[in-house]
Amino acid sequence: MENNGTETNGRDGANTSIWQSASVDNPVTSYSDHEEVYDALIIGGGITGITTALLLQKQGKKCLLVEAKNLGFGTTGGTTAHLNTFLDTTYPEIDSDFSKEASRLMAKGSKEMIEMISANIKELKIDADFEFKEGYLFSQNEKETEELQSILESSQTAGVEVSEAFENGVPIPFEHVLCFKNQAQFHPLKYILGLAKEFEKLGGKIIEQTFIHSTELHEDIHYAKSDKFTLKAKNIVYATHIPPGINILSLRNAPYRSYVLAVKLNSGEYPNCLAYDMQEPYHYFRSHEIDGQKYLIIGGADHKTGHGDPLKAFEDLEHYARKHFDISQIDYRWSSQYYVPVDGLPYIGHLPGGDKGIFIATGFNGNGMILGSLSAVLISDLILEKENPYEKLLSPSRLKPISGFSEFVKENADVAYHFVADRFGAEIIRSTSELAKGEGKIVEFDGEKLALHKDDAGKVTALNPVCTHAGCIVSWNPTEKTWDCPCHGGRFSITGKVLSGPPQKDLEVVPVK
């Protein structure tokens with residue numbers, strides 16, 4: 001389902017995910033005292049931020065959570081909510097790039113996060129559709145089968161409950177299959193809103209529709225500034241999927257988009273498992289019932305943000321889905337963003353080169369629900385000054401800052417790049433007349449570029465297409481109706497407002513006569 005009101009539909013794009021389609025009670029009613037000095041200010045209202053806030057509040061800390069839009073606006077609202085003990089970075093890869101002990105830690109953490117989510121749902125009586133499932137990973141050729149055998153051996157050594165199987169749970173041909181026990185699925189928005197309700201019950205405060213654009217540290221107190229007010233806290237947690245602004249982590253994480261369909265099947269027989277092929281990019285499957293209607297949720301066709309063709313990605317995914325399933329109707333299609341870390345594991349902890357008391361979590365690959373939860377446990381322990389077995393392994397300080405990087409990016413971001421509408425008046429008018437309604441396009445005049453969009457009513461918006469993060473040129477995403485940066489994953493609405501990613505400033509609006 002689509003909604004062209006990209007700034008009000010509750011997601012970071014025009015397409016509504018299946019989770020936003022259901023009626024979900026948003027409990028947020030709290031209001032913050034702007035003069036209070038909080039123990040922790042958590043920026044970001046997805047699974048990472050809300051879980052962190054709740055864990056700290058439970059330990060007696062005074063916490064404030066601030067979300068730029070609404071809770072679950074970003075990736076948590078677009079996930080397919082698989083909960084796995086195997087990760088996109090496979091255990092053979094972790095064995096090779098880190099150690100077998102690192103694999104054991106990641107396997108243990110993944111299992112514990114599934115158990116923690118299950119326990120939270122039971123304890124707080126959250127109706128989050130949680131179910132344990134078997135997960136099938138299957139090969140379709142000799143090369144994939146060899147890789148699958150390696151995954152089996154390394155996974156078992158890491159302590160994962162996995163064995164060979166003779167079915168894959170979906171009507172797709174296979175050569176070999178692994179079955180992972182005690183995997184799970186749930187409704188991500190129902191879950192985080194249940195956590196938010198408990199957070200408020202314990203005295204935690206939440207502010208929505210508030211964008212924090214900068215922070216400063218004075219005498220061990222952080223001053224976080226929005227356009228509305230300044231907030232004060234002893235610690236800041238950026239639970240924003242990628243830290244905002246200029247920092248080394250933008251170079252160590254590659255932004256990707258993954259595409260999802262939620263479909264009805266003519267047979268009425270839906271897979272009762274989680275399943276994954278081993279293609280590149282891979283496809284992933286599961287079923288979910290929403291308001292009494294069952295759906296097959298199928299994802300894949302991933303590509304780097306701002307690089308691939310979103311329309312073709314959806315076409316390829318639909319072709320694949322129809323090839324293997326008897327589909328009666330496609331009710332939902334959407335895409336979501338994730339970040340792939342350069343060395344395979346997430347970066348969780350103190351922000352490298354940042355002020356004391358600033359914490360970040362990023363590089364979750366396709367395992368955001370598990371690693372977002374693990375981030376919350378690790379960061380809350382760091383703030384509470386407790387030992388945590390993941391601190392060293394996942395520390396962002398395993399990165400070596402590049403000398404002069406910040407200044408280099410600032411130079412690119414601050415280049416004087418302004419348009420004079422009068423100078424290009426006639427050319428702009430001609431270009432906009434060629435735009436179809438709902439279309440966006442980068443056009444060039446005398447070597448200078450302009451981002452143009454025409455809405456369904458024929459109104460034209462012109463923007464400076466230079467991303468305010470590091471000076472790259474954005475590209476039009478016709479499926480989500482957004483301007484996406486191909487460099488570091490910044491995303492902007494049709495009117496230039498920051499939707500997600502590291503940018504902290506909107507795109508410049510260019511007057512069009």
Kindly indicate whether the side chain of [X], heavy atoms from C-beta on, has any atom under 4.5 Å from the side chain of [Y].
| X | Y | value |
| --- | --- | --- |
| Leu71 | Leu193 | yes |
| Tyr295 | Ile290 | yes |
| Leu195 | Leu124 | yes |
| His218 | Tyr223 | yes |
| Pro352 | Leu249 | yes |
| Leu41 | Lys234 | no |
| Cys485 | His469 | no |
| His488 | Ile242 | no |

Donor-acceptor under 3.5 Å ([X] side chain, [Y] main chain):
| X | Y | result |
| --- | --- | --- |
| Asp39 | Lys62 | yes |
| Thr79 | Thr75 | no |
| Tyr38 | Lys232 | no |
| Thr482 | Phe492 | no |
| Gln337 | Gly489 | yes |
| Thr89 | Gly344 | yes |
| Thr210 | Ile207 | no |
| Gln57 | Phe199 | no |
| Glu439 | Ala436 | yes |
| Asp355 | Glu216 | no |

Does one side chain, of [X] or [Y], offer a donor that lies under 3.5 Å from an acceptor on the other?
| X | Y | result |
| --- | --- | --- |
| Ser335 | Glu480 | yes |
| Ser258 | Tyr284 | yes |
| Thr479 | Asn477 | yes |
| Tyr282 | Asp88 | yes |
| Asn235 | His222 | no |
| His241 | Tyr338 | no |

So, for His453 and Trp483, is the gap between ring centers shorter than 6.0 Å?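 That pair fails the under 6.0 Å test.
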Aromatic ring proximity His283/Tyr276, centre distance under 6.0 Å: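 Between His283 and Tyr276, the centre distance exceeds or equals 6.0 Å.
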Could you go through the side chain to side chain contact (heavy atoms under 4.5 Å, CB included) check for Thr90 and Leu87 one step at a time? CA-CA 6 Å; Thr90 64; Leu87 305 173; over 6 Å; no
Supply the atom-to-atom distance Thr52 OG1 to Tyr238 OH, rounded to the nearest 0.5 angstrom.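 Rounded to the nearest 0.5 Å, the OG1-OH separation comes to 14.5 Å.
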So with a 6.0 Å cut-off around NZ of Lys228, is the heavy-atom count from everything else above 12?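 Correct, the count exceeds 12.
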Are there over 12 heavy-atom neighbours, none belonging to Lys58, within less than 6.0 Å of that residue's NZ?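 For Lys58, atom NZ is crowded (more than 12 foreign heavy atoms under 6.0 Å).
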Would you check, one step at a time, whether the test side chain to side chain contact (heavy atoms under 4.5 Å, CB included) holds for Leu202 with Leu54? CA-CA 8 Å; Leu202 295 175; Leu54 178 57; 3.9 Å; yes
Taking NZ, NE, NH1 and NH2 as the nitrogens, is one of them in [X] or [Y] under 4.0 Å from a carboxylate oxygen of the other?
| X | Y | answer |
| --- | --- | --- |
| Asp343 | Arg252 | no |
| Lys205 | Glu36 | no |
| Arg491 | Asp484 | yes |

For Tyr347, run the side chain to side chain contact (heavy atoms under 4.5 Å, CB included) check against Leu394, Ile248, Val342 and tell me which one passes.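 With Tyr347 as partner, Leu394, Ile248, Val342 yield a single side chain to side chain contact (heavy atoms under 4.5 Å, CB included), made by Val342.
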With Leu261 as reference, evaluate Asp331, Ile330, Ile297 under the side chain to side chain contact (heavy atoms under 4.5 Å, CB included) test and give the passing residue.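 For Leu261, the side chain to side chain contact (heavy atoms under 4.5 Å, CB included) check succeeds only for Ile330.
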Shortest non-hydrogen contact between [X] and [Y], atoms and distance:
| X | Y | result |
| --- | --- | --- |
| Lys69 | Val498 | CE-O, 4.0 Å |
| Ser373 | Met113 | C-SD, 3.6 Å |
| His288 | His187 | CE1-N, 4.0 Å |
| Ile212 | Ala224 | CG2-CB, 3.9 Å |
| Ile379 | Ile360 | CD1-O, 3.6 Å |
| Ile370 | Ile114 | CD1-CG1, 3.6 Å |

Might you work through the side chain to side chain contact (heavy atoms under 4.5 Å, CB included) test for Thr16 and Trp334, ending with a clear yes or no? CA-CA 6 Å; Thr16 301; Trp334 74 94; over 6 Å; no
Report the C-alpha distance between Asp129 and Lys190 in whole Å, list the side-chain angles of each, state the deciding distance to 0.1 Å, and finish with yes or no for salt bridge (charged side-chain N to carboxylate O under 4.0 Å, His left out). CA-CA 8 Å; Asp129 306 343; Lys190 288 182 178 179; 3.6 Å; yes
Determine, step by step, whether Phe359 and His350 satisfy the ring pair (Phe, Tyr, Trp, His ring centres under 6.0 Å) criterion, reporting the C-alpha distance in whole Å, the side-chain angles of both residues, the deciding distance to 0.1 Å, and the verdict. CA-CA 4 Å; Phe359 301 87; His350 293 91; 4.5 Å; yes
Residues Lys437, Asp456; criterion salt bridge (charged side-chain N to carboxylate O under 4.0 Å, His left out); working and verdict: CA-CA 5 Å; Lys437 290 182 178 180; Asp456 291 339; over 6 Å; no
Answer yes or no for Cys472 and Cys467: SG-SG distance under 2.5 Å.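 No, the SG atoms are not under 2.5 Å apart.
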Test log, rule side chain to side chain contact (heavy atoms under 4.5 Å, CB included), inputs Val377 and Leu55: CA-CA 7 Å; Val377 173; Leu55 290 175; 4.0 Å; yes
